[in-house]
Amino acid sequence: MSDVKNYEELLGYAEKIVVEACEVALNPGIDLKVSTKSNRNDLVTAVDKKVEEIIARKLADVTDYPLLGEENHSIDSFDGRVWVLDPIDGTMNYVETHRDYAISLALCEDGVPVLGVVADVVGGKIYTAIRGAGARCNGKELPKVDPERPYSEAVVITDLKEINALPRLIEVLKDSRGHRRYGSAALELVEVASSRAGAFVHLWVSPWDIAAAMLICQETGALVTRLDGTPLDVRHKGSILAGWPTVHSGIHDRLIVQAM
Ligand code: 2AM
Ligand code: CA
């Protein structure tokens, strides 16, 4: 085992491993064997498990950090360095629409993402970030988001499930450019980082859904919190509100502050 410590080197390994895993997702060579988890639309396939196994093995060749993976890898604690992996984020899309799914890999230090890779597998885009050093897409620096672009110019990414749980969202969305939904939290977050969407609202994300993409957002100047505006601790499942600064406060004020 090599003694790999520095972020650039680690990101290089992570990116290479994720790019190789994209080929497996695109050409898995095995039966999908789709099954359900928490509900009929929460899917897992043999490919989710295969991608996770391959990435776990390759990570273990270069570091001895523990791995938290959605399908098969648990950790005792988030202390120190921990890899956090979603082998396929957007499994429903993987099975049904064959696009808009991601491989998401982050390295956390004491529960804080310090580097991240999100692969838009079908779109052929690899988003990366190192804490404090900016975010990139296919190697090219992602420009900062516009901190003053108003809520009225923002497309908001959210879903019927959020609207059902928060009926006020319907009124809030009327002030925006409208809403969209892609079905992969990691890809939805990089839409915000890439300035194509102004905000992303989801009520039930897990660490592996957001660890990498949240850092990519933060490195472009987007704000990432819980829906109520409190800090987001990626170690725990819960809500997320990510957005360009004015759009983040625009949603928070309309949805939370004005409701009080
Ligand atoms: P997944 O595809 O890895 O399960 C879709 O709503 C987005 O939310 C996806 O990023 C999906 O990740 C995530 N998600 C988290 N919990 C989920 C659940 N119980 N059912 C479906 N999607 C879930
Ligand atoms: Ca997944």
Side-chain angles (χ1 to χ4, degrees), residues 17-18 21-22 24-26 28 32-56 59 67-75 83-106 113 116-123 125 127 156-166 169 179-194 197 199-217 224 226-227 232-242:
I17 289 168
V18 168
C22 289
V24 177
L26 288 167
L32 283 191
K33 292 203 184 85
V34 181
S35 53
T36 57
K37 296 195 288 185
S38 62
N39 63 65
R40 62 180 281 275
N41 290 325
D42 185 9
L43 305 183
V44 61
T45 75
V47 181
D48 296 68
K49 294 173 187 167
K50 179 174 176 175
V51 168
E52 182 162 320
E53 273 322 304
I54 290 172
I55 291 179
L59 287 174
L67 169 67
L68 173 63
E70 178 176 9
E71 308 307 342
N72 255 328
H73 292 81
S74 55
I75 50 173
W83 293 109
V84 180
L85 171 68
D86 193 339
I88 304 278
D89 183 55
T91 301
M92 180 61 78
N93 290 347
Y94 186 73
V95 171
E96 296 292 345
T97 69
H98 315 297
R99 52 174 291 182
D100 298 323
Y101 59 88
I103 298 174
S104 170
L105 177 64
V117 182
V118 170
D120 173 354
V121 179
V122 175
K125 292 199 170 90
Y127 298 86
V156 177
I157 302 179
T158 194
D159 189 37
L160 273 180
K161 288 197 280 286
E162 279 68 28
I163 293 170
N164 271 331
L166 300 162
L169 249 185
H179 76 286
R180 300 287 185 276
R181 178 67 171 141
Y182 302 110
S184 156
L187 291 187
E188 289 164 324
L189 282 166
V190 299
E191 288 299 294
V192 175
S194 305
F200 170 55
V201 179
H202 196 305
L203 294 183
W204 300 280
V205 285
S206 295
W208 42 81
D209 298 321
I210 60 163
M214 153 181 175
L215 176 62
I216 294 165
C217 274
V224 183
R226 296 296 185 193
L227 191 63
L232 194 161
D233 182 339
V234 81
R235 294 174 289 192
H236 305 294
K237 194 175 167 137
S239 66
I240 185 167
L241 167 58

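Counting convention: from 1, in listed order, for ligands and their atoms alike. Note that these values count all heavy atoms, side chains included, but never hydrogens, waters or copies made by symmetry.
In terms of polar-atom proximity, defined here as any N/O pair under 3.5 Å, His202 does make such a contact with ligand 1. Geometrically, ligand 1 and Ser206 share no nitrogen or oxygen pair separated by less than 3.5 Å. Taking distance alone, with nitrogen or oxygen atoms compared against 3.5 Å, Asn41 stays at or beyond that limit from ligand 1. When only interatomic distances are considered, the shortest N/O to N/O separation between Val205 and ligand 1 does not fall below 3.5 Å.
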- Query: Would Val190 and Asp120 satisfy side chain to side chain contact (heavy atoms under 4.5 Å, CB included), going step by step from the backbone distance to the final call?
  - Reply: CA-CA 9 Å; Val190 299; Asp120 173 354; over 6 Å; no
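Here CG of Asp100 is found 6.5 Å from CG of Leu187. Values are rounded to the nearest 0.5 Å. The distance from atom CG of Leu169 to atom NE2 of His179, rounded to the nearest 0.5 Å, is 9.0 Å.
Shown here, atom 23 (C) of ligand 1 is out of close reach of the protein: none of its heavy atoms lies under 4.0 Å off. Note that atom 15 (C) of ligand 1 has protein non-hydrogen atoms nearby, at separations under 4.0 angstrom.
Counting atoms of ligand 1 from 1 in the listed order, those under 4.0 Å from a heavy atom of Trp204 are 15 (C), 16 (N). Atoms of ligand 1 lying under 4.0 Å from at least one heavy atom of Ile88, given by number and element, are 3 (O). In the vicinity of Thr91, heavy-atom distances shorter than 4.0 Å reach the ligand 1 atoms 2 (O). Counting the atoms of ligand 1 from 1 in the order shown, those under 4.0 Å from a heavy atom of Ser38 are 19 (N). Residue Ala185 has at least one heavy-atom neighbour below 4.0 Å for each of these atoms of ligand 1: 9 (C), 10 (O). Close approach of ligand 1 to Ser184 (heavy-atom distance below 4.0 Å) involves ligand atoms 10 (O). Near Asp86, meaning under 4.0 Å from any of its heavy atoms, are these atoms of ligand 1: 3 (O).
Side-chain atoms of Leu43 and Tyr94, non-hydrogen and from C-beta on, never get closer than 4.5 Å to each other. Using a 4.5 Å cut-off on side-chain heavy atoms (C-beta onward), His73 and Leu85 make no contact. Within the 4.5 Å cutoff, side-chain heavy atoms of Glu53 are placed close to those of Asn72.
With a 4.0 Å cut-off on non-hydrogen atoms, Met92 does not touch ligand 1 at all.
A side-chain donor-acceptor contact under 3.5 Å links Ser239 to the backbone of Leu227. A donor-acceptor pair under 3.5 Å links the side-chain atoms of Thr45 to the main chain of Asp48, judged by distance alone. A donor-acceptor contact shorter than 3.5 Å links the side chain of Lys50 to the backbone of Pro28. The backbone N or O of Ser38 lies less than 3.5 Å from a partner atom in the side chain of Asp42, making a donor-acceptor pair.
At the top of the distance list for atom 6 (O) of ligand 1, counting protein heavy atoms only, stands Arg181 NH2, 2.6 Å. Of the protein's heavy atoms, Gly90 N, 2.6 Å lies nearest to atom 2 (O) of ligand 1. Among protein heavy atoms, the minimum distance from atom 12 (O) of ligand 1 is reached at Asp89 OD1, 3.1 Å.
Closest to the Ca ion (ligand 2) among the N, O or S atoms of Glu70 is OE1.
A salt bridge is absent between Glu162 and Arg181: the closest approach of a Lys/Arg side-chain nitrogen to an acidic carboxylate oxygen does not fall below 4.0 angstrom.
The nearest N, O or S atom of Ile88 is closer to the Ca ion (ligand 2) than 3.0 Å. The Ca ion (ligand 2) lies under 3.0 Å from an N, O or S atom belonging to Asp86.
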